[in-house]
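Structure first, commentary second.
Computed from a predicted model, the values in this text were never measured in an experiment. Whatever order the structure lists them in is the order used to number ligands and atoms, beginning at 1.
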Amino acid sequence: MRIIRTVAELRERLEPERRADRSVALVPTMGAFHAGHRSLMEEATARCDVVVVSLFVNPAQFAPGEDLAAYPRDEAKDAAVAAAAGVDVLFAPPVAEVYPDGFATTVRVGGLSESLEGAHRPGHFDGVATVVAKLLNIVGPDVAFFGQKDAQQALIIRRLVRDLDIPTRIAVCPTVREPDGLAMSSRNGYLGAADRARAVALRHALDAAAAAVAAGEREPGAVASSARAAMAPYDVEPEYLALVSADTLAPVERLEEGGETLMLVAARVGPARLIDNAILTTNGSR
Ligand code: PAF
């Protein structure tokens, strides 16, 4: 596996692959790899001939006061994980390569970026959309891989490539969980033992919502109440807990038979801000 730091070198590395008509995958990341990242890399190596993983802690997606400085960074360890997963190129540019002096462009996906995470993290999705648009332009992948854990991000990126006619397929892979159900996240490392035990509250909220729907509940307010009640024993208060359309993120008025409702939850647990989600259907959840 080669570690590349500049756009020019990356394009030079990929040029012969393109000429040979080999398919290229991109797995965009901010590093601190866990099993969730590994599953994206494995899916990418299974589906494409050449796999590029980008490792860039993107300052533009951290709102003022967020954890940019504290965000975990260990490139040597990440490189070993990526190499073991069969990745061909680790693209790890410095900030000045991505945002050179005079950089003045922001990509904003209207509507979808404004609610939920967008409402709680001002500017976050503009930073994500801008860097992802850049990475897609730099790498020109056939397929780019993202995790369902960041469900709103995945919807925004699908809209971005559609609206800007970017010829990349977006693959969204299932959330990978710890044995007790906690969704894998680089931010789980912030949790001490007591907060780690409380963090399962998010998963229990999703399970309680799914159980309420399975028992016949169709009113979003009542489903959300079951979810909140499941978090209470852990002393975890949701920042938001929402039942929305899985396509538009618009709040649902009623869970339709056979339809899909996206339930999203965010909560602060000690020093970590965690998010999770599930697709609720009237015949089961995932
Ligand atoms: O999901 C992430 O890790 C980041 O938001 C992404 C997509 C790599 C953009 O910086």
Which protein non-hydrogen atom lies closest to atom 9 (C) of ligand 1, naming both residue and atom, and how far is it?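 Answer for atom 9 (C) of ligand 1: Gln61 OE1, 3.3 Å.
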
Shortest protein heavy-atom distance from atom 2 (C) of ligand 1, along with the residue and atom involved: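 Going atom by atom, the protein heavy atom closest to atom 2 (C) of ligand 1 ends up being Gln153 NE2, 3.9 Å.
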
Quick one: do Arg2 and Glu9 make a salt bridge, cutoff under 4.0 Å?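 A salt bridge is present here (some side-chain N lies under 4.0 Å from a carboxylate O).
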
Among His37, Lys149, Met30, whose heavy atom sits nearest atom 3 (O) of ligand 1?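 When every heavy atom of His37, Lys149, Met30 is considered, Met30 comes closest to atom 3 (O) of ligand 1.
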
Pro28 neighbourhood, listing ligand 1 atoms whose heavy-atom distance to it stays under 4.0 Å: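 Answer for ligand 1: 8 (C).
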
Any idea which atoms of ligand 1 are less than 4.0 Å away from a heavy-atom of Val131?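 Near Val131, the atoms of ligand 1 are 9 (C), 10 (O).
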
Under the salt bridge (charged side-chain N to carboxylate O under 4.0 Å, His left out) test against Asp276, which residue among Arg203, Arg187, Arg177, Lys149 passes?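 With Asp276 as partner, Arg203, Arg187, Arg177, Lys149 yield a single salt bridge (charged side-chain N to carboxylate O under 4.0 Å, His left out), made by Arg177.
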
Could an N or O of ligand 1 be found under 3.5 Å from any N or O of Thr29, whether backbone or side chain?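 Not met; the criterion fails.
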
Please answer whether the main-chain N or O of Arg108 pairs with a side-chain N or O of Asp126 as donor and acceptor at a distance below 3.5 Å.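 No: the side chain of Asp126 does not pair with the backbone of Arg108.
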
How are the rings of Tyr71 and Phe62 set to each other: parallel, tilted or perpendicular (split at 30° and 60°)?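 Tyr71 and Phe62: perpendicular rings.
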
Do you see a donor-acceptor pair shorter than 3.5 Å between the side chains of Asp247 and Ser245?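 There is no such pair between these side chains.
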
